[in-house]
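Worth saying up front: this structure is predicted, and the values here are computed from it rather than measured.
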Amino acid sequence: MAPSSRRERERQKRQMQIIRAAEKAFFERGYDNVTMDEIAERAEVNKALLYYYFKNKEALFFAVNLYGVRILHRMYSECSELETDGYGKVKAMVDALYRFSKEHPDYFRIYCYSGTERFEMSEGEDAREIVDLRTGMWRLMVEAIIEGMKDGSIRSDLDPVELSIYIHTLAINSLNLDLTSRMVLEAREIGRDRFWRDLEIFLESALKNQKPESRDP
């Protein structure tokens, strides 16, 4: 093995070691409560080496977030390839977001936090890839809506781009409720799963093309 190849493998291994240490810290304590000193200690590297790989905590945050976004993008892509109508693909994507939030709750929490105003001006290779992947998921949703409008499974009286934003906003906020909303639902004994099922009923009635009933001549 060439020395340069060995050094590259060692570099990638050390970088991954740092990312995993940061991931564990962010998952356990949240972005705002974690320091670069803590990450260096968890990764068992000195701060100089930590900053050699990542210029700041935000860059590390996006390196961690990228793993979750890749998972969600893959789930959306699989939904777009299903043998079903446009509405079926849209519903599958909405369901995929719910599954992602349950199967990968820590990545989902970071995914939501990364979309806040705090990170709007973020730069870096990982941040750019995340934007590309999130844009790609939005395009898959829009394409499924347009397909549904063409095949008659989705109403065609709304703009497909606007409709995609309505769907995403409703879905993401329903999975990331504020404390007051959660308390109100708990008081009515409405759990997370039931709340989501009811949202799906609401979306179905809002999205599906309501064909007029046939009348006898």
For this session: Under the side chain to side chain contact (heavy atoms under 4.5 Å, CB included) rule, what do Tyr111 and Arg134 come out as? Steps first, then yes or no, please.
Result: CA-CA 10 Å; Tyr111 175 80; Arg134 293 183 72 143; 3.7 Å; yes
For this session: Test Val94 against Trp196 for side chain to side chain contact (heavy atoms under 4.5 Å, CB included), laying out the working first.
Result: CA-CA 10 Å; Val94 174; Trp196 184 259; 3.4 Å; yes
Shared hydrophobic cluster for [X] and [Y] (ILVMFWY, side-chain gaps under 4.5 Å):
| X | Y | result |
| --- | --- | --- |
| Leu163 | Trp138 | no |
| Tyr166 | Leu207 | yes |
| Leu72 | Val131 | no |
| Ile165 | Leu133 | no |
| Leu175 | Phe195 | no |

Could you check whether any side-chain heavy atom of [X] comes within less than 4.5 Å of a side-chain heavy atom of [Y], counting everything from C-beta outward?
| X | Y | value |
| --- | --- | --- |
| Ile154 | Ile146 | no |
| Ser153 | Lys208 | no |
| Phe62 | Glu129 | no |
| Lys102 | Asp193 | yes |
| Asn209 | Tyr87 | no |
| Leu60 | Leu50 | yes |
| Arg192 | Leu177 | no |
| Asn173 | Thr169 | yes |

Going by an N to O cut-off under 4.0 Å, is there a salt bridge joining [X] and [Y]?
| X | Y | answer |
| --- | --- | --- |
| Lys24 | Asp106 | no |
| Lys89 | Glu81 | no |
| Arg11 | Glu8 | yes |

Can you give me every donor-acceptor pair (side chain of residues 34-41, partner residue at least two apart or in another chain, under 3.5 Å) with its distance?
unit_1 : atom_1 : unit_2 : atom_2 : d
Thr35  : OG1    : Glu38  : N      : 3.1
Asp37  : OD1    : Lys47  : NZ     : 3.0
Glu38  : OE1    : Arg29  : NE     : 3.0
Glu38  : OE1    : Arg29  : NH2    : 3.2
Glu38  : OE2    : Arg29  : NE     : 3.1
Glu38  : OE2    : Arg42  : NE     : 3.0
Glu38  : OE2    : Arg42  : NH2    : 3.2

Exercise. Side-chain donor-acceptor pair under 3.5 Å between Tyr31 and Asn65, yes or no?
Worked result: no
Exercise. Between the side chains of Glu23 and Tyr107, is a donor N or O closer than 3.5 angstrom to an acceptor N or O?
Worked result: yes
For this session: Using modelled atom types only, decide if a donor and an acceptor are shared between the side chain of Asp126 and the backbone of Leu66 within a distance under 3.5 Å.
Result: no
For this session: Output, in order, the C-alpha distance, side-chain angles, deciding distance and verdict of salt bridge (charged side-chain N to carboxylate O under 4.0 Å, His left out) for Arg194 and Glu189.
Result: CA-CA 10 Å; Arg194 176 185 162 186; Glu189 299 184 349; over 6 Å; no
For this session: Test the Arg197-Phe202 pair against the cation-pi criterion, namely NZ or CZ under 6.0 angstrom from the six-membered ring centroid and within 45° of the ring axis.
Result: no
Problem set entry | Cation-pi check, Arg20 onto Tyr67 ring (under 6.0 Å, within 45° of axis) | yes
Quick one: [atom1] on [X] to [atom2] on [Y], what's the gap to the nearest 0.5 Å?
| X | Y | atom1 | atom2 | answer |
| --- | --- | --- | --- | --- |
| Leu203 | Glu200 | CG | CD | 7.5 Å |
| Leu97 | Ser174 | CG | OG | 9.5 Å |
| Met141 | Cys79 | CE | SG | 8.5 Å |
| Thr135 | Ile130 | OG1 | CD1 | 11.5 Å |
| Ser205 | Arg155 | OG | CZ | 9.5 Å |
| Phe100 | Arg74 | CZ | CZ | 10.0 Å |

Which heavy atom of [X] sits nearest a heavy atom of [Y], and at what distance?
| X | Y | answer |
| --- | --- | --- |
| Glu147 | Thr84 | OE2-O, 3.8 Å |
| Ile145 | Pro160 | CD1-O, 3.6 Å |
| Ser164 | Val161 | OG-O, 2.6 Å |
| Ala144 | Met93 | CB-CE, 4.1 Å |

Exercise. Quick check: are there more than 12 heavy atoms from other residues, nucleotides or ligands sitting under 6.0 Å from CD of Glu125?
Worked result: no
Exercise. In this structure, are over 12 heavy atoms from other groups packed under 6.0 Å from Gln12 atom CD?
Worked result: yes
For this session: Could you check Asp32 against Tyr113 for side-chain hydrogen bond (donor to acceptor under 3.5 Å, both in side chains), going step by step and ending with a plain yes or no?
Result: CA-CA 11 Å; Asp32 294 317; Tyr113 192 52; 2.9 Å; yes
For this session: Can you sort out the partners of Leu179 under side-chain contact (heavy atoms from CB on, under 4.5 Å), two or more places apart, ordered by chain and number?
Result: Arg182, Met183
For this session: Step by step, work out the salt bridge (charged side-chain N to carboxylate O under 4.0 Å, His left out) result for Lys91 and Asp95.
Result: CA-CA 6 Å; Lys91 184 178 185 302; Asp95 288 340; 3.2 Å; yes
Exercise. Can you list the steps and then say if Lys57 with Phe26 is a side chain to side chain contact (heavy atoms under 4.5 Å, CB included)?
Worked result: CA-CA 10 Å; Lys57 186 173 71 168; Phe26 292 144; 3.9 Å; yes
